Amino acid sequence: MSVGSDHNTAVHVKNNHRLELLIVKMASEFFLYWGSGSSPCWRVMITLEEKGLSGYGNKLVSFEKSEHKSEDILKLNPRGQVPTLKHGDIVINESIACMLYLQCTFKDKGNSLLPCSGNPAFKARVLQRLMEVNNIQSAVRGVMMYMRKNKDNIDEAQLGPLKEALRTELKRWDDYLKETGDYIAGPSFSLADCAFFPFVAVLRRQGLDLSKNLPNLSKYYEQHKDRPSIQASWPPHFKETPDQDNLAKLYD
């Protein structure tokens with residue numbers, strides 16, 4: 001190797017080190033309040049990882065102890081909800097707002113999660129799916145809340161329409177994937193996937209066998225469950241406790 005090559009290699013290593021230090025500094029400017037198993041929290045955490053901002057400060061709050069209603073969080077979010085994200089003195093509440101803030105503020109860092117030019121149709125789908133994904137949350141919550149409140153006295157006449165609404169919603173998303181392929185909005189991993197994957201994982205967690213009735217959702221889950229950003233932010237209690245069976249009979 002020539003002297004010139006040695007010099008170029010040294011410069012490259014030095015520049016990489018500076019970049020790593022810059023990323024660490026940027027990550028240290030963030031602080032996230034989050035809850036394990038919360039899909040809105042998880043999608044913000046996936047976004048942070050995708051933008052190369054791992055190493056952010058964070059506090060895991062206990063829903064069982066109502067820590068999300070603590071004075072510390074209420075000062076930042078009067079609704080007493082998480083995620084709550086701080087970037088220096090800036091406070092961002094609402095998970096989708098956090099995700100858009102991260103992408104827009106650090107659009108040139110990490111992975112690009114929202115196309116800004118060249119493919120307006122893809123950008124439109126990303127934004128639509130990003131907003132639309134909350135329909136899954138509402139449908140899942142309808143079934144889950146009813147079952148929790150009436151676990152000793154389930155009335156199928158009341159539960160049935162809620163289950164049908166969830167099946168209809170899941171079929172819609174399975175059809176989306178049939179059209180778009182590996183990702184929920186288009187040709188690459190995007191903010192829409194950051195928001196969507198946690199709900200698919202929650203369905204699995206609650207005992208739904210995706211492979212039987214939702215083949216595209218099943219394939220999507222298997223393709224992305226080991227993605228580094230998803231593994232790095234996987235809810236701790238999902239790893240520590242067994243899956244449940246609340247949705248095991250959704251199609252029965």
Side-chain angles (χ1 to χ4, degrees), residues 23 26 30 38-54 83 85 87 92-142 164-204 208 210-211 213-234:
I23 292 173
M26 288 190 298
F30 284 94
S38 160
S39 294
C41 292
W42 193 358
R43 59 195 183 191
V44 173
M45 297 169 80
I46 293 173
T47 306
L48 282 162
E49 295 290 336
E50 289 286 333
K51 299 310 294 181
L53 296 170
S54 58
L85 180 66
H87 180 204
I92 312 103
N93 296 313
E94 302 298 330
S95 59
I96 292 177
C98 294
M99 297 167 71
L100 289 169
Y101 177 86
L102 290 166
Q103 172 58 30
C104 293
T105 305
F106 300 97
K107 61 182 180 180
D108 296 324
K109 305 297 182 185
N111 295 322
S112 177
L113 300 172
L114 181 65
C116 295
S117 61
N119 194 339
F122 179 30
K123 181 177 182 179
R125 282 195 302 271
V126 170
L127 292 172
Q128 178 178 324
R129 299 288 185 264
L130 179 60
M131 304 301 173
E132 192 180 1
V133 74
N134 284 335
N135 288 289
I136 302 178
Q137 181 176 12
S138 297
V140 171
R141 182 176 293 170
E164 179 59 27
L166 177 55
R167 289 193 294 266
T168 299
E169 188 63 34
L170 295 180
K171 176 63 166 55
R172 180 175 290 113
W173 289 86
D174 198 69
D175 288 345
Y176 286 160
L177 283 167
K178 184 177 181 180
E179 176 185 353
T180 59
D182 293 342
Y183 306 100
I184 195 59
S188 62
F189 195 87
S190 69
L191 287 176
D193 295 287
C194 294
F196 178 59
F197 181 86
F199 289 114
V200 181
V202 166
L203 294 171
R204 281 285 302 261
L208 182 60
L210 300 172
S211 65
N213 297 283
L214 301 162
N216 299 304
L217 280 175
S218 180
K219 178 183 175 184
Y220 179 88
Y221 176 82
E222 294 299 328
Q223 282 182 318
H224 299 296
K225 63 183 176 65
D226 294 322
R227 189 177 179 91
S229 62
I230 289 172
Q231 280 297 309
S233 54
W234 201 273

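None of these values were measured; they are calculated from a predicted model.
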Measure across [X] and [Y] and return the closest heavy-atom pair with its distance rounded to 0.1 Å.
X: Met99; Y: Leu191; value: CE-O, 3.3 Å
X: Phe122; Y: Ala185; value: CD1-O, 3.5 Å
X: Ala201; Y: Tyr221; value: CA-CE1, 3.9 Å
X: Lys123; Y: Pro115; value: CD-O, 3.1 Å
X: Ser95; Y: Val44; value: O-CG2, 3.6 Å
X: Glu49; Y: Ser54; value: OE1-CB, 3.2 Å

Problem set entry | Pair His224-Phe196, side chain to side chain contact (heavy atoms under 4.5 Å, CB included): steps then yes or no | CA-CA 11 Å; His224 299 296; Phe196 178 59; over 6 Å; no
Using only atom types and a distance under 3.5 Å, with no angle test, would you say the side chain of [X] pairs donor to acceptor with the backbone of [Y]?
X: Lys51; Y: Lys109; result: yes
X: Asn216; Y: Asp175; result: no
X: Glu50; Y: Asn111; result: no

Between [atom1] on residue [X] and [atom2] on residue [Y], distance to nearest 0.5 Å:
X: Leu208; Y: Leu166; atom1: CG; atom2: CG; answer: 7.5 Å
X: Leu102; Y: Leu113; atom1: CG; atom2: CG; answer: 9.0 Å
X: Cys194; Y: Leu48; atom1: SG; atom2: CG; answer: 9.5 Å
X: Met45; Y: Ile230; atom1: CE; atom2: CD1; answer: 12.5 Å
X: Thr180; Y: Arg129; atom1: OG1; atom2: CZ; answer: 7.0 Å
X: Gln103; Y: Cys98; atom1: CD; atom2: SG; answer: 14.0 Å

Exercise. Could you walk me through whether Leu170 and Asn213 pass the side chain to side chain contact (heavy atoms under 4.5 Å, CB included) check?
Worked result: CA-CA 10 Å; Leu170 295 180; Asn213 297 283; over 6 Å; no
For this session: Report the C-alpha distance between Glu169 and Asn135 in whole Å, list the side-chain angles of each, state the deciding distance to 0.1 Å, and finish with yes or no for side-chain hydrogen bond (donor to acceptor under 3.5 Å, both in side chains).
Result: CA-CA 7 Å; Glu169 188 63 34; Asn135 288 289; 4.8 Å; no
Problem set entry | Stepwise salt bridge (Lys or Arg N to Asp or Glu O under 4.0 Å) test for Arg204 and Glu222 | CA-CA 11 Å; Arg204 281 285 302 261; Glu222 294 299 328; 3.2 Å; yes
Min side-chain heavy-atom separation [X]-[Y] under 4.5 Å:
X: Val133; Y: Trp173; result: yes
X: Leu100; Y: Leu130; result: yes
X: Arg227; Y: Phe197; result: no

Exercise. Arg167: what forms a side-chain contact (heavy atoms from CB on, under 4.5 Å) with it, not counting sequence neighbours?
Worked result: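 Partners of Arg167 by the side-chain contact (heavy atoms from CB on, under 4.5 Å) criterion, ordered by chain and then number, come out as Lys163, Glu164, Leu250, Tyr251.
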Exercise. Yes or no on side chain to side chain contact (heavy atoms under 4.5 Å, CB included) for Phe199 and Val140, after CA distance, side-chain angles and deciding distance?
Worked result: CA-CA 9 Å; Phe199 289 114; Val140 171; 5.7 Å; no
For this session: Please find out if less than 6.0 Å separates the ring center of Tyr183 from that of Tyr220.
Result: no
Exercise. Do the ring centers of His87 and Phe106 come within less than 6.0 Å of each other?
Worked result: yes
For this session: Determine, step by step, whether Val200 and Leu210 satisfy the side chain to side chain contact (heavy atoms under 4.5 Å, CB included) criterion, reporting the C-alpha distance in whole Å, the side-chain angles of both residues, the deciding distance to 0.1 Å, and the verdict.
Result: CA-CA 9 Å; Val200 181; Leu210 300 172; 3.8 Å; yes
For this session: Take Lys178 and Asp174 through the test salt bridge (Lys or Arg N to Asp or Glu O under 4.0 Å) and record every step on the way to the result.
Result: CA-CA 6 Å; Lys178 184 177 181 180; Asp174 198 69; over 6 Å; no
